[in-house]
Protein chains: 2
Amino acid sequence: MQTTDKPTTRYTHRHERAVAAAAAIFADKGYHGASTRDIAEKLGIQQGSLYYYFKSKEAALEEVCLTALRDYVSHIESIASQPGKLEVKLQAAIAAHLATYKHNNEAMKVHNEQRLYLPKDRRKHLNALGSRYRQQLEGIFCEGVSTGQLRRDLDCHFTALSLIGLCNYWGIQLLRSAPLKTEDVTEKCVDILLHGCLARKAGIPDTDTQTDTQVN
Amino acid sequence: MQTTDKPTTRYTHRHERAVAAAAAIFADKGYHGASTRDIAEKLGIQQGSLYYYFKSKEAALEEVCLTALRDYVSHIESIASQPGKLEVKLQAAIAAHLATYKHNNEAMKVHNEQRLYLPKDRRKHLNALGSRYRQQLEGIFCEGVSTGQLRRDLDCHFTALSLIGLCNYWGIQLLRSAPLKTEDVTEKCVDILLHGCLARKAGIPDTDTQTDTQVN
DNA sequence: TATAGAATCTATAGGTTTATAGAAAAAAGC
DNA sequence: GCTTTTTTCTATAAACCTATAGATTCTATA
């Protein structure tokens with residue numbers, strides 16, 4: 001009990017691997033379509049042994065969703081709290097969102113697609129984290145409006161949600177089609193969100209946005 | 001066998017009801033989370049009787065997805081083929097997409113979230129319809145570019161996909177939170193997609209878009 | 001009202017699933 | 001090296017699920 005660290009470390013490590021395996025399987029087959037045997041197999045252990053790490057299959061799903069959200073939320077909070085120009089912040093927020101998909105892809109996918117299969121009370125914690133994310137993002141837009149960088153009539157709530165929808169969509173696409181590059185998608189999302197699609201009527205070089213280069 | 005119509009009608013009608021029930025249950029519990037007993041119960045028949053209408057559970061999923069897409073695709077094709085100003089077309093496309101969610105909500109949700117659980121060869125037909133939808137939408141954007149209404153550097157492919165992502169997101173939201181009105185969401189989607197968020201630098205009354213009224 | 005065909009029911013085979021309990025093996029501590 | 005704790009294994013109970021087969025009831029028509 002001196003090095004109360006070593007055994008804890010060992011368990012922690014194995015536990016993490018178990019969560020990752022669950023994430024991969026749930027992402028692939030869906031919560032109900034996946035069996036505990038599938039997850040165990042991926043870990044190279046027997047089905048029954050899985051219950052050393054998870055109290056139940058449902059608990060495994062909850063853990064997977066939580067690991068996805070933790071990074072995600074802490075990231076946006078650090079971005080939102082730092083001072084800086086709006087466009088830079090927004091770019092950072094989108095890049096972070098997509099990067100989370102790139103690195104933590106299975107867990108994010110599971111959170112988005114399978115979370116509703118958790119009973120309501122198990123989702124409370126997840127909802128709280130999700131709200132925090134949304135608020136931070138909304139805050140970035142509101143700040144942009146009050147500093148005059150964004151349109152005064154912008155609906156920040158609607159815009160924040162739309163951005164989340166957009167990022168989730170492209171996050172999934174990034175997983176599915178390999179040739180897609182995160183940076184390109186980020187840039188394009190920023191561009192379309194800020195400038196829209198309409199032809200600009202004349203010399204509107206705007207702030208200092210370089211005219212967007214065609215990527216793909 | 002003279003009135004080969006009546007009995008066919010009867011079967012057709014019942015069959016449609018069965019597809020609708022399957023859609024509702026799949027939307028709620030997911031394909032794997034739903035049992036054939038659940039669907040039968042919703043229809044008020046016994047589990048085994050369901051196989052009079054579906055060859056298998058998988059076939060039921062396929063049918064649900066197909067019914068969702070059929071309306072959806074035929075709608076966009078009629079919109080895209082008619083001549084008219086780009087902004088009007090775009091508005092119509094978004095409105096149609098969201099309206100499909102409103103009316104055919106369960107089937108659309110199932111198509112989006114559960115379709116990948118079908119084996120690849122059963123998805124062929126769905127993919128073809130999906131591609132058609134995407135192409136029509138992309139065509140609307142391309143046309144806008146070539147007529148000078150949209151930015152010349154617009155990536156039409158990227159934009160079309162983004163719009164699909166956006167509409168799917170808001171389509172789901174429309175289901176979940178009742179107070180949301182389809183028309184408001186449509187208008188806001190059009191607005192943000194066309195104009196973006198940035199403050200416009202001065203007198204840019206643009207074509208003839210009324211300055212967007214704050215809705216919510 | 002008798003009959004053919006459509007629609008539904010009952011019962012069940014054969015398989016899979018989650019979760020638990022107790023034995024066995026592996027690792028850590030002294 | 002011996003003991004304790006951690007980790008994994010085996011076996012199994014209890015439930016559930018899909019799909020089928022054959023019996024039964026309903027419906028429409030002649």
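Per chain, numbering begins at 1; letters A, B, ... match sequence-line order.
Residue-level contact check: B/Ala18 touches neither bases nor backbone, having no heavy atom under 4.0 Å from any strand. Within 4.0 Å of A/Tyr53, counting heavy atoms only, lie sugar-phosphate atoms of the nucleic acid but no base atom. Residue-level contact check: B/Ser49 touches the bases, meaning some heavy atom is under 4.0 Å from a base atom. Residue A/Ala60 is classed as having no contact, given no heavy-atom separation below 4.0 Å to the nucleic acid. At a threshold of 4.0 angstrom between heavy atoms, the contacts of A/Ser35 are confined to the sugar-phosphate backbone, with no base atom among them.
Counting only heavy atoms from C-beta on, B/Thr36 has its side chain closest to D/dT18 among C/dA27, C/dT18, D/dT18. Here D/dC9 is the nucleotide among D/dT7, D/dA19, D/dC9 with the atom lying nearest to any side-chain atom of A/Ile45.
Rounded to an integer number of Å, the gap from NE2 of A/His13 to P of D/dT6 is 19 Å. Between B/His15 atom NE2 and C/dT8 atom P there is a gap of 13 Å when expressed in whole angstrom units. For the pair A/Phe54 CZ and D/dT8 C1', the interatomic distance rounds to 15 Å; values are reported in whole Å. Going from atom CD of A/Glu41 over to atom C1' of D/dT8 covers 16 Å, rounded to whole Å. Going from atom OH of B/Tyr52 over to atom P of D/dA19 covers 18 Å, rounded to whole Å. For A/Arg37 and C/dG15, the CZ to P distance is 14 Å, given to the nearest whole Å. Distance A/Tyr11 OH to D/dT7 C1': 11 Å, rounded to the nearest Å. Atoms CD (B/Glu58) and C1' (D/dC17) sit 15 Å apart, rounded to a whole Å.
Between A/Gln46 and D/dT10, a side-chain N or O to OP1/OP2 separation shorter than 4.0 Å is present. The phosphate of D/dA19 has OP1 or OP2 within less than 4.0 Å of a side-chain N or O from B/Tyr51. Taking 4.0 angstrom as the limit, A/Arg14 places none of its side-chain polar atoms (N or O) nearer than this to OP1 or OP2 of D/dT6.
A donor-acceptor pair shorter than 3.5 Å can be found between the side chains of A/Trp170 and B/Ser162.
Mapping A/Gln47 and B/His32 onto DNA chain D by nearest heavy atom places A/Gln47 closer to the 5' end of the strand. Mapping A/Asp38 and A/Lys55 onto DNA chain C via the closest heavy atom, the residue that lands nearer the 5' end is A/Asp38.
As the counterpart of D/dA30, C/dT1 is assigned, both hydrogen-bonding distances of the Watson-Crick or G-U wobble pattern falling under 3.5 Å.
Note on B/Lys42 versus B/Asp28: no salt bridge recorded, every NZ/NE/NH1/NH2 to OD/OE distance being 4.0 Å or above.
B/His111 contributes atom NE2, which lies 15.5 Å from atom CD of B/Glu106 (distance to the nearest 0.5 angstrom). Annotation: the span from B/Gln136 atom CD to B/Ile79 atom CD1 amounts to 10.0 Å, rounded to 0.5 Å.
Classification of the B/Tyr11-B/Tyr52 ring pair by plane angle, with boundaries at 30° and 60°, yields perpendicular. Taking the six-membered ring for Trp and thresholds of 30 and 60 degrees, B/Tyr72 and B/His97 have ring planes more than 60 degrees apart, a perpendicular arrangement.
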